[in-house]
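The structure appears right after this line, and notes come after that.
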Amino acid sequence: NSLSQQGVLCRRYVTVMSWWEEERYPEGIKWKFLEHKGPVFAPPYEPLPENVKFYYDGKVMKLSTKAEEVATFFAKMLDHEYTTKEIFRKNFFKDWRKEMTSEEKSTITSLSKCDFTHMSQYFKAQTEARKQMSKEEKQKIKEENERLLKEYGYCVMDNHKERIANFKIEPPGLFRGRGNHPKMGMLKRRIMPEDIIINCSKDSKVPPPPPGHKWKEVRHDNKVTWLVSWTENIQGSIKYIMLNPSSRIKGEKDWQKYETARRLKKCVDKIRNQYREDWKSKEMKVRQRAVALYFIDKLALRAGNEKEEGETADTVGCCSLRVEHIKLHPELDGQEYVVEFDFLGKDSIRYYNKVPVEKRVFKNLQLFMENKQPEDDLFDRLNTSILNKHLQDLMEGLTAKVFRTYNASITLQQQLKELTNPDDNIPAKILSYNRANRAVAILCNHQRAPPKTFEKSMMNLQSKIDAKKEQLADARRELKSAKADAKVRRDEKSKNKKKAVQRIEEQLMKLEVQATDREENKQIALSTSKLNYLDPRISVAWCKKWGIPIEKIYNKTQREKFAWAIDMAEEDYEF
DNA sequence: AACGATACTTAGGACGCAGCGA
DNA sequence: TCGCTGCGTCCTAAGTATCGTT
């Protein structure tokens, strides 16, 4: 590959040491040398063939290229429910009209008179054709992707060739936020080289812009980790191209995150005593801070930054909870002082929980809610910045999110201790691991939509189990009769029958374990906690202790991300 | 203290393909 | 061999946190 001399030379000097064995940079400096090939742009728009028609008010209408492109975005989504939503249609139509010629604008005045069905059929046929492609054609595409990855998918950062996480620029399309997003349907515009800021080191070969184009800017800032950035037009926020989780720069940060959480472990008792004291404070702000922190600690809630109204879906975290999001029950189902939470969190995922709390917390909540409307802030004297400033005083580097990391990891460690049965075989031990993982996912409220095929696949599994049970019964009968025979005439037969029974029993157990695991996992996503909250060294140590191959717990990508932990952790590692 | 800009982590869903059993 | 399904990868949205300015 054509990465410059310097990168290649640097790499040659360091061949055996992994990044976690190298010296760390001084605070704030992220790298000394950075070279990359720049981003890959979305393929240009290909106009529709002449025979694919768009109809307005029942009549064929030929669209200008720009208007046609945006129309195809809508046509491709026609089967989705959200193209029927008022906000989506309104936002789309407004942005579409901006792309039209003045004649188009004066003709096309109502979205409901637009007929995209022919276009939609065309795209469906294209998808179908792609599926039907021959092996060779598919192979060709695969090779082209690999070539692109090889050329643009890596950079040189200091002594390492590193994988880039997202080297492709996001293609244009219609924005679809999560949940009830006020901007759904808006046009996400095409990003051009003129929008792009390149970041690399001065002594590197700066990537050339595509012919006939210029970069917006080339800068050399080694206080940041990104290679490329641009401003997106929906929220006006900045998007970045950064490195893969397997890279030094991400791995080191990840390691550091867990080390901070481990420092919290050492002082969490003190902090808990402190906030319990603060529940009694005469200052309202201090009480609110203490109750919020209690929720963050006990329930692993997110911090809850303020959001600009009307810019995003209406979701909340701890500090931004409103009165309408909780209900107080002095008594519920035989328990005292129960708080019922019901709100939409990140990604508009519902958080629903009924939690018994200390009397003091309950009384404080009643106080906070006095004379307030449902839409008022529960913690009106508090925000994340106040909370984090306080946390910083309690421990260096402590912020609200550290509690989630800490509680997730400590829960995994405890659960593994509790659930692992030394006498279990490997599949049963892995079930225990998944259950420990699941406890964390439930704590963090990591949900997923039940797979579309869930019921069906569950039934299939059940019928397999039934078949296996019958098979076992047969085998047992045969064993019995073989034993009866053996009284008269000793032979190998009963031994073999016994083995067969054992084998089938084992197979049955494996299936049953699988069924349990799948049922319990119906609406729970394990991967998010595994990837972001659980100190990988806990899992590595557990695998070493019980002789479980690491591949059973982490797939290839995960092993790459956690290579540092796999290398470092011994079986006696304690979080 | 409020605000806007910036940088970075965390998140669920779509989709495609490998591997498995019929 | 074929069809299904479950897993992994890709995608990019949506959070957290901090900093400088007013």
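In what follows, chains are A, B, ... by sequence order, proteins preceding strands, each numbered from 1. Bear in mind the structure is a predicted one, so any value in this text is a computation, not a measurement.
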Give the rounded distance in Å between these two atoms: [atom1] of [X] and [atom2] of [N].
X: A:K239; N: B:dA5; atom1: NZ; atom2: C1'; result: 16 Å
X: A:K131; N: B:dA18; atom1: NZ; atom2: C1'; result: 17 Å
X: A:K530; N: B:dT10; atom1: NZ; atom2: P; result: 17 Å
X: A:N305; N: B:dA11; atom1: CG; atom2: P; result: 14 Å
X: A:L443; N: B:dA11; atom1: CG; atom2: P; result: 12 Å
X: A:D347; N: B:dT9; atom1: CG; atom2: P; result: 17 Å
X: A:W226; N: B:dC8; atom1: CH2; atom2: P; result: 9 Å
X: A:K346; N: B:dG13; atom1: NZ; atom2: P; result: 13 Å

Quick one: ring pair (Phe, Tyr, Trp, His ring centres under 6.0 Å) partners of [X], sequence neighbours excluded?
X: A:F73; value: none
X: A:F74; value: A:F92, A:F116
X: A:W31; value: none
X: A:Y433; value: A:W542

Next item on the list: Could you check A:C444 against A:Y240 and say which one's nearest nucleotide on DNA chain B is further toward the 5' end?
Entry: A:Y240

Notebook entry, point to check: Toward the 5' end of DNA chain B, which comes first, A:G236 or A:S529, by nearest nucleotide?
Noted result: A:G236

Students often get this wrong, so: under 4.0 angstrom with heavy atoms, is [X] touching a base, only sugar-phosphate, or nothing?
X: A:G317; result: nothing
X: A:K389; result: nothing
X: A:S527; result: nothing
X: A:R178; result: base
X: A:K183; result: nothing
X: A:A400; result: sugar-phosphate
X: A:P245; result: nothing

Note to self: Can you give me the first and the last nucleotide of DNA chain C (5' to 3') that has an atom within less than 4.0 angstrom of a non-hydrogen atom in chain A?
What the structure shows: C:dT5 to C:dT18

Checklist line | Residues touching DNA chain B, which here means a heavy atom under 4.0 Å, drawn from residues 246-260 of chain A | finding: A:K250, A:K253, A:K257

Next item on the list: Would you check if A:E283 and A:Q288 make a side-chain contact, meaning some heavy-atom pair closer than 4.5 Å?
Entry: no

Margin query: Ring of A:F123, cation from A:K76 - is the NZ or CZ under 6.0 Å from the centre and inside 45° of the axis?
Written below: yes

Next item on the list: Please collect all salt bridge (Lys or Arg N to Asp or Glu O under 4.0 Å) contacts where either partner lies in residues 294-304 of chain A, sequence neighbours excluded, each pair once.
Entry: A:R272-A:D297

Using a cut-off of strictly less than 4.0 Å, decide whether [X] has a side-chain nitrogen or oxygen near OP1 or OP2 of [N].
X: A:Y533; N: B:dA11; answer: yes
X: A:T225; N: B:dA7; answer: no
X: A:K142; N: B:dA18; answer: yes
X: A:S229; N: B:dA7; answer: no

Check: Considering heavy-atom distances to DNA chain C, does A:G177 or A:T557 have its closest nucleotide positioned more toward the 5' end?
Finding: A:T557

Check: If you pin A:N555 and A:F175 to their nearest nucleotides in DNA chain C, which one's is more 5'?
Finding: A:N555

Check: Quick one: are the ring centres of A:F341 and A:Y352 less than 6.0 Å apart?
Finding: no

Margin query: Does A:K346 form a side-chain contact (heavy atoms from CB on, under 4.5 Å) with A:R178? I'd like the steps, not just the answer.
Written below: CA-CA 9 Å; A:K346 182 177 181 180; A:R178 317 250 164 89; over 6 Å; no

Notebook entry, point to check: Residues in side-chain contact (heavy atoms from CB on, under 4.5 Å) with A:P193, at least two apart?
Noted result: A:F41, A:P210, A:H213, A:W215

Notebook entry, point to check: Can you list the residues that meet the side-chain contact (heavy atoms from CB on, under 4.5 Å) rule with A:N445, with sequence neighbours excluded?
Noted result: A:I349, A:Y351, A:Q447

